[in-house]
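First comes the structure, then the notes that go with it.
The figures here come from the full heavy-atom set of this structure, side chains too, leaving out hydrogens, waters and symmetry mates.
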Amino acid sequence: MHSFSNKEISEILSEYTDLMKIMGENKYRIRAYDNASRIVSDRSIDIEKLAKEDRLEEIKGIGQGIAKTIKDIFIDGYCQPLDELKKELPPGFEDLLNIPGLGPKTAQKFLDELDIKNIEELKKALKNQEIRKLKGMGTKTEKNLLEALLDYEDYVSYINLNKALSTSESLIKEIKEKSDQILEIETAGSIRRKKIKIGDIDILMAVKDKKEHSLLKVIRSLDLIEDILLKGDTKISARTTEGLQVDFRIVNSQEYPAALLYFTGSKYHNVKLRQIANKLGYKLNEYGLFDEDKRLNTASETEIYKLLDLKYIEPEIREDQGEIEAARQDKLPDLINLKDIKGDFHLHSNYSDGALTIEEMIKAALERGYHSLAITDHSQSLKIANGLSEDRVKKQWLEIEELREKYPDFLILKGIEVNIKKDGSLDYGNNLLKGFDVVIGSVHDNFNLSRQAMTNRIIKAIENEYIDIIGHPTGRMLGQRKPYNLDFSKIIEAAKKNNVLLEINASPARFDLNDKMARDTLDSNVKLIINTDAHHSEQYAYMRYGIYIARRAWAEKEDIVNTSSQKEIKKLFGVK
DNA sequence: GCCGTTTTCGGCCCGACTGTTTTCAGTCG
């Protein structure tokens, strides 16, 4: 038996799906494989274990055929049917499908009729105006494909949630200012679901008359809009000055709830809802829930769910990852809210690389309605961030003790973000560490250890009796640094055994843990703490992103330590 | 290829837009 991660199996199935599309396979077979690829990547099922125990068919969506395909991958070490398909196509050919507007049929046509084997050859053919000679192709197609190809070569694949939120909020604000026809307007799509990575922006609008509106003109005039990609009565696609696609959808008021549901997705959530609607004898589309041709009156998404015998499902968990079944049984989680948060426990002051004094950080925390915080500056070896020597730690403790007298009702914890060294030992000795109320262990160097070495390094830190929290557990920096190689299930296990918290670092540079890992953590009954890692009090506002991640992880108030009372916090961190 | 509170066979979510057609296939979400 060979070894493969869920992700690797998922990618093999996904590649197989792409190739089957090009070969013109049965579309339902393609769909089955596509679906299986998603299921395998999604949740924390242990695909390798199930394969070894011959229990793959227990997974819904995986039947005899795909179970055998997966099993054979573990036995052979590769996917034989995939390799056979690959032999029939030139290497690099499947990359053509990544170009927007170019699908399997067109790709196959290019190969058959012009012997185009890869993106380079396509570019040449487009520039030489060979494409327009093909039947069903014209100059317009040629021009569009060339543009799409050039875009693809230096494209924006995705942006982070914080950026997407601010862009969509600006767009909506400007549309409202420039048009008096908007009855309702809202961001839908993956932004409404608060996914961390956003591929495009979906904005839904309700107007009085879908045929008689001048929204195209308004959209064309928006500051952030560079050009229009597609224009219809109900759908307008545009591109921002930063190269991001925005889809505007236009409906009337009656249609709005169903449209909001539809355009929020996810696609897989929607498919499930439609299947349920069909079973109940209804039809669900973006214009409403229909009984025969009669639209049922639904004033909100909640009413649509209700007619489908489901409780309202929050957008953040609409991913077809068990939420529909939970909604049917009234077992949905009561998701945590921003207002439940009472403290922030990973903060930097001007003792290390923060911008403000401890007192300034306290004042801003009070303004946010918090009752607690922890000052956790960097430890001595992080010179670049002005890490604290033992003497400066002692000096900071004295200052905190004075501030405690000045703010008696507010809980100020003496904390530290201590470096976890390459061998898993910590940057301070236990004699100093035991004087802190909160010790966060973080990795700040030697990111390229082997999976085993990195896992052991962090586990060793978790086992130190003074460690309370593992900070930004995977070390990723969005768009800059990949997460380090880690057996995360072992980290969860160690955290559970040693009563250590794992952090959701809410800083937009990190978003670490991500939603899936956070959900896996909670599934193992390990609690999470959400911290902003603020270096300035303005960054307390990052807490909302941490909440989004937690909500996507199905977190309830009780799952997140920051919601505890001051008394509970004291008990948790052993403060008198 | 998967699935079943009518089914082990016969279905499988649904619609918008584009380009090139003249009624539709391809692509996308």
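- Nucleic acid contact class of A:T139 (heavy atoms, under 4.0 Å, all strands): sugar-phosphate only.
- Looking at heavy-atom distances under 4.0 Å, A:K231 makes contact with sugar-phosphate atoms alone, never a base.
- Using a 4.0 Å heavy-atom criterion, one finds that A:K272 contacts no nucleic acid atom at all.
- Within 4.0 Å (heavy atoms only), A:I250 reaches no atom of the nucleic acid at all.
- With 3.5 Å as the limit, one finds a donor-acceptor pair spanning the side chains of A:R551 and A:N337.
- The gap from the P atom of B:dG11 to that of B:dT21 amounts to 35 Å, rounded to the nearest Å.
- Counting any heavy atom pair closer than 4.0 Å across all strands shown, A:I62 reaches sugar-phosphate atoms only and no base atom.
- Spacing of C1' atoms, B:dG10 relative to B:dG15, comes out at 24 Å, to the nearest Å.
- Of the charged side-chain nitrogens involved, none lies within less than 4.0 Å of a carboxylate oxygen, so that A:E169 and A:K173 do not count as a salt-bridged pair.
- Using atom C1' as the reference point in both B:dT23 and B:dT18, the two lie 14 Å apart (nearest Å).
- A salt bridge is defined here as a Lys NZ or Arg NE, NH1 or NH2 lying under 4.0 Å from an Asp or Glu carboxylate O, and A:R552 with A:E319 meets this definition.
- Here A:K27 lies out of heavy-atom contact (under 4.0 Å) with every strand.
- Using a 4.0 Å heavy-atom cutoff across all strands shown, A:N144 reaches sugar-phosphate atoms only and no base atom.
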Legend entry - Residues A:D227, A:R239; criterion salt bridge (charged side-chain N to carboxylate O under 4.0 Å, His left out); working and verdict: CA-CA 5 Å; A:D227 55 28; A:R239 186 162 36 200; 3.3 Å; yes
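- Protein chain A touches strand DNA chain B; the 5'-most and 3'-most nucleotides with an atom under 4.0 angstrom of its non-hydrogen atoms are B:dG1 to B:dG29.
- B:dT8 and B:dG1: their C1' atoms are spaced 14 Å apart (whole Å).
- B:dC17 and B:dC12 have their C1' atoms separated by 25 Å, with the value rounded to a whole Å.
- Within 4.0 Å (heavy atoms only), A:N270 reaches no atom of the nucleic acid at all.
- A:N278 comes within 4.0 angstrom of sugar-phosphate atoms only, judged by non-hydrogen atoms across all strands, and of no base.
- Under the side-chain hydrogen bond (donor to acceptor under 3.5 Å, both in side chains) test applied with A:D320, the options A:H269, A:K267, A:K272 reduce to a single match, A:K272.
- The pairing partner recorded for B:dC28 is B:dG15, the criterion being a Watson-Crick or G-U wobble arrangement whose two distances lie under 3.5 angstrom.
- B:dC13 sits 16 Å from B:dC3 when the C1' atoms are compared, rounded to a whole Å.
- Each of A:Y262 and A:R274 was assigned the nucleotide of DNA chain B with the nearest heavy atom; the assignment lying further toward the 5' end belongs to A:R274.
- Residues A:A32 and A:I236 each lie close to DNA chain B; by heavy-atom proximity, the contact nearer the 5' end of the strand is made by A:A32.
- In this entry the base of B:dT7 is syn relative to its sugar, with a glycosidic angle within 90° of 0.
- Counting any heavy atom pair closer than 4.0 Å across all strands shown, A:L102 reaches sugar-phosphate atoms only and no base atom.
- A:K86 has a carboxylate O that lies under 4.0 Å from a charged side-chain N of A:E15, or vice versa, which qualifies the two as a salt bridge.
- For A:K71 and A:D54, the salt-bridge test passes: some basic side-chain N is under 4.0 Å from an acidic carboxylate O.
- Side-chain contact, A:Y548 with A:R544: a donor N or O sits under 3.5 Å from an acceptor N or O.
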